[in-house]
Amino acid sequence: MKVAFITKQNISAFKAGIMSAPIDTGRAVRQGVISQSVKDLLAKFKHIPEIGRFDKIRVDLNRPIPDSSIAKASMVIQPSAKRTDFRTRVLSFVAYNPENDKVKRSIAHAIGNNTAIESVLKDSSTVTAFKRFIAESEHFFSSNY
């Protein structure tokens, strides 16, 4: 059986091949609006019981980045897709295509029970992750459409 061997000299070249290009998040992102929307989502989430099904909780942001092609982005908390799982919650980010609102891009940012999702919402890195998601989504939609 042959095994690939990477020497120390080739590691930087190997890393450069698999790393993605940096996305520009330097534009004026409305961080205060995003921070407030995370707080609003946390306030809505605190009313959800620890065990059991519930309706989706969603917070929409209109124009999260000024002069962006993305007109609307959302943060959504929903129950697990498994029918027998009554404890797992999923926090996802959603960005809508500027030309067609039915086309969207979404990622699951966190999956866990109530305590895990609550701690993710309280963490400041969630705001940064959402800003990055919006910037990547803008790049995604502009390169594909």
Side-chain angles (χ1 to χ4, degrees), residues 3-4 6 9-145:
V3 177
I6 300 172
Q9 294 83 14
N10 293 336
I11 289 177
S12 61
F14 179 72
K15 281 184 180 178
I18 60 171
M19 292 175 60
S20 63
I23 303 295
D24 179 27
T25 57
R27 280 203 276 178
V29 177
R30 296 171 36 188
Q31 184 159 346
V33 173
I34 294 173
S35 298
Q36 186 59 43
S37 64
V38 171
K39 289 177 186 176
D40 293 344
L41 189 63
L42 179 62
K44 290 180 181 181
F45 183 67
K46 286 189 177 193
H47 299 290
I48 298 300
E50 186 174 344
I51 299 173
R53 291 278 181 206
F54 61 95
D55 292 331
K56 279 186 200 181
I57 302 170
R58 143 183 259 123
V59 173
D60 294 327
L61 282 86
N62 293 321
R63 292 277 176 215
I65 300 176
D67 301 325
S68 170
S69 63
I70 296 177
K72 183 174 140 186
S74 302
M75 287 183 280
V76 180
I77 298 176
Q78 59 191 12
S80 173
K82 294 181 184 176
R83 297 179 121 187
T84 58
D85 190 357
F86 296 105
R87 288 182 180 249
T88 304
R89 280 78 171 102
V90 180
L91 169 64
S92 56
F93 300 150
V94 182
Y96 297 91
N97 185 335
E99 288 128 19
N100 184 357
D101 204 30
K102 296 196 185 279
V103 178
K104 57 187 175 183
R105 177 178 182 257
S106 66
I107 62 165
H109 179 65
I111 300 172
N113 61 7
N114 270 22
T115 308
I117 298 297
E118 189 174 327
S119 67
V120 167
L121 289 173
K122 289 179 181 178
D123 190 7
S124 63
S125 66
T126 302
V127 173
T128 306
F130 190 61
K131 287 188 332 188
R132 180 127 181 110
F133 169 75
I134 292 169
E136 289 171 351
S137 296
E138 181 176 4
H139 180 72
F140 175 79
F141 286 132
S142 66
S143 65
N144 287 329
Y145 293 100

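Numbers here are sequence positions counted from 1.
Taking every heavy atom of both residues into account, Phe130 and Ala73 meet most closely at CZ-CB, 3.9 Å. Here the closest heavy-atom approach between residue Phe141 and residue Asn97 is recorded as CZ-N, 3.6 Å. In terms of heavy-atom proximity, Phe54 sits nearest to Ile77 at CE1-O, 3.8 Å. Closest non-hydrogen pair, Glu50 versus Asn114, comes out as CA-ND2, 3.4 Å.
Annotation: the span from Lys56 atom NZ to Lys44 atom NZ amounts to 13.5 Å, rounded to 0.5 Å. The distance from the OG1 atom of Thr126 to the CZ atom of Phe133 is 14.0 Å, given to the nearest 0.5 Å. A distance of 9.0 Å separates CD1 in Ile111 from OG in Ser92, rounded to the nearest 0.5 Å. In this structure, CD1 in Ile107 is found 7.0 Å from CD in Glu136, a value given to the nearest 0.5 Å.
Taking 4.5 Å as the limit, some side-chain heavy atom of Lys46 sits within range of a side-chain heavy atom of Glu118. Counting heavy atoms from C-beta on, the side chains of Phe45 and Ile117 come closer than 4.5 Å. Residues Leu121 and Leu91 meet the side-chain proximity criterion, which asks for heavy atoms closer than 4.5 Å. Between Ile57 and Leu41 there is a side-chain heavy-atom pair separated by less than 4.5 Å. A 4.5 Å side-chain heavy-atom check between Val38 and Met75 finds at least one atom pair inside the cut-off.
A donor-acceptor pair is defined here as one N or O able to donate and one able to accept, closer than 3.5 Å; no such pair exists between the side chain of Thr88 and the backbone of Ser80. A donor-acceptor pair under 3.5 Å links the side-chain atoms of Asp85 to the main chain of Arg87, judged by distance alone.
Put simply, the residue from Arg132, Arg105, Lys104 that forms a side chain to side chain donor-acceptor pair (under 3.5 Å) with Ser137 is Arg105.
Ring geometry for His109 against Phe93 counts as parallel: the plane angle stays under 30°, on a 0 to 90° scale with 60° as the upper cut.
For the residue pair Arg89/Asn113, the side-chain donor-acceptor check at 3.5 Å is not satisfied. Between Gln36 and Asp40, the side chains place a donor N or O and an acceptor N or O closer than 3.5 Å (distance only, hydrogens not considered).
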Derivation of the side-chain contact (heavy atoms from CB on, under 4.5 Å) call for Lys72 and Ser74: CA-CA 7 Å; Lys72 183 174 140 186; Ser74 302; 4.3 Å; yes
